[in-house]
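These notes are about the structure you will find just below.
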Amino acid sequence: MPPAKIDRQRVADTALRLLNDVGLDGLSLRAIAKELDVKAPALYWHFKDKQALLDEMATEMLRRMTADMTAAATSGDWRETLTGAMRGLRAHLLRYRDGAKVYSGTRFTDTSYAEPMERMLAALVAGGFTPRTAARAWLTAYSYTIGYVIEEQAMGPDPAGGGEGYDLEARAERLAAFPHASAAGDAMFREHDTGFEEGLAAVVAGIGVTLERKG
């Protein structure tokens, strides 16, 4: 029988808390076991390997953000609905060091994702999309958001260790012969909030042009 001292929820909560200290590369079942004051083999009653744990961590992240995504799906305008949901997704991912990397490519361990997804797709269909183009619209905005946050967290300041993040002065020196590429540094690696909003607006506008009311 599994040890009574821990359960899946406690392990996932501890892993998410520890993630902010050590990052994804430093997160291991051994480190989590130490944090829980148990032996590492005790965790294998609940998770067969690190990927199984990451799946549960991503699912727990989704559970925590469901309220925001559900609230976003109450708007009558699909553009506002989609934009609000992606803002909520980004905000939640940024709460965790390497949060987007943990979330990306995992398999959810329950159907927590179903209700917010259903509400989002229903809002898009009510806005004029077919079920197929609604799915494509959601996936396009979702993929943009995940990818943006992965890059943002990789290049920006470390939320746990501090620091300035990407060294733009060194970059500018390397790219001295390429003035446009050099000047792009601030927009690409520092103005994250503005960059996300401008990119998301472009994505949503593009969805409206290419997918709305098309089968």
Side-chain angles (χ1 to χ4, degrees), residues 1-73 82 84-122 134-156 158-160 196:
M1 295 179 63
K5 190 174 183 179
I6 58 174
D7 57 22
R8 288 175 64 89
Q9 182 69 54
R10 187 178 174 198
V11 175
D13 288 344
T14 300
L16 286 170
R17 187 172 65 253
L18 188 59
L19 180 68
N20 283 335
D21 294 330
V22 302
L24 182 56
D25 290 341
L27 189 68
S28 66
L29 291 176
R30 184 178 299 276
I32 296 165
K34 182 178 179 180
E35 189 76 8
L36 289 165
D37 194 26
V38 299
K39 300 296 184 182
L43 300 187
Y44 289 99
W45 283 103
H46 305 285
F47 303 101
K48 65 179 181 179
D49 52 29
K50 183 176 179 179
Q51 185 56 56
L53 174 59
L54 292 176
D55 290 345
E56 185 62 30
M57 290 169 65
T59 304
E60 178 58 25
M61 291 165 68
L62 177 62
R63 294 185 193 115
R64 295 177 183 184
M65 73 174 74
T66 293
D68 285 353
M69 297 182 74
T70 300
L82 192 58
M86 295 307 110
R87 286 173 177 162
L89 174 59
R90 175 177 176 254
H92 277 273
L93 294 177
L94 288 175
R95 293 180 182 180
Y96 310 95
R97 181 176 174 183
D98 297 327
K101 285 184 179 180
V102 171
Y103 197 79
S104 175
T106 52
R107 294 172 181 249
F108 296 126
T109 60
D110 61 25
T111 58
S112 299
Y113 64 89
E115 182 178 355
M117 179 182 285
E118 182 70 18
R119 287 177 178 270
M120 174 60 59
L121 295 176
R136 182 63 62 191
W138 175 86
L139 182 60
T140 299
Y142 175 88
S143 299
Y144 163 75
T145 302
I146 296 292
Y148 188 94
V149 179
I150 286 176
E151 290 298 319
E152 178 179 5
Q153 293 185 313
M155 294 297 184
D158 185 335
F196 176 76

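The residues of the chain are indexed from 1 along the displayed sequence.
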Spatial distance of atom [atom1] ([X]) from atom [atom2] ([Y]) [nearest 0.5 Å]:
{"X": "R8", "Y": "W45", "atom1": "CZ", "atom2": "CH2", "result": "14.5 Å"}
{"X": "L54", "Y": "K101", "atom1": "CG", "atom2": "NZ", "result": "12.5 Å"}
{"X": "L94", "Y": "E152", "atom1": "CG", "atom2": "CD", "result": "4.5 Å"}
{"X": "N20", "Y": "R97", "atom1": "CG", "atom2": "CZ", "result": "8.0 Å"}
{"X": "K39", "Y": "R30", "atom1": "NZ", "atom2": "CZ", "result": "9.5 Å"}
{"X": "D13", "Y": "I6", "atom1": "CG", "atom2": "CD1", "result": "12.5 Å"}

Any salt bridge (charged side-chain N to carboxylate O under 4.0 Å, His left out) involving residues 43-54? Give me the pairs, sequence neighbours left out, ordered by first then second residue.
-> none
[X]: side chain to side chain contact (heavy atoms under 4.5 Å, CB included) partners, not counting sequence neighbours:
{"X": "A31", "value": "L18, S28"}
{"X": "T59", "value": "R63, F108, T109, D110, S112"}
{"X": "Y44", "value": "L29"}
{"X": "T14", "value": "R10, R17, I32, E35, L36"}

Among all residues two or more places apart in sequence or in another chain, which pass the salt bridge (charged side-chain N to carboxylate O under 4.0 Å, His left out) test with [X]?
{"X": "D25", "result": "none"}
{"X": "D37", "result": "K5"}
{"X": "R87", "result": "E197"}

Find out whether [X] and [Y] are in side-chain contact, i.e. whether some heavy atom of one side chain is under 4.5 Å from a heavy atom of the other.
{"X": "E60", "Y": "Q9", "answer": "yes"}
{"X": "L89", "Y": "V149", "answer": "no"}
{"X": "L27", "Y": "M57", "answer": "yes"}
{"X": "M65", "Y": "Y103", "answer": "yes"}

side-chain hydrogen bond (donor to acceptor under 3.5 Å, both in side chains) filter on R136, not counting sequence neighbours, yields none
Aromatic Y148 / basic R90 pairing, under 6.0 angstrom, 45° off normal | no
If only atom types and distance count, is the side chain of D55 paired as donor or acceptor with the main-chain N or O of T106 below 3.5 Å?
-> no
Keeping the roles fixed (side chain from Q153, backbone from L93), state whether a donor-acceptor pair exists under 3.5 Å.
-> yes
Exercise: identify the closest heavy-atom pair between [X] and [Y]:
{"X": "A137", "Y": "L82", "result": "O-CD2, 4.3 Å"}
{"X": "L43", "Y": "A33", "result": "CD1-N, 3.8 Å"}
{"X": "S104", "Y": "I146", "result": "CB-CG2, 3.8 Å"}

Taken in chain and number order and not counting sequence neighbours, the residues that satisfy ring-ring contact (aromatic ring centres under 6.0 Å, His included) with F47 are none
With under 30° as parallel and over 60° as perpendicular, where do the rings of Y144 and F196 fit, or are they tilted in between?
-> parallel
Is E118 atom CD crowded by more than 12 heavy atoms from other residues, nucleotides or ligands, each under 6.0 Å away?
-> no
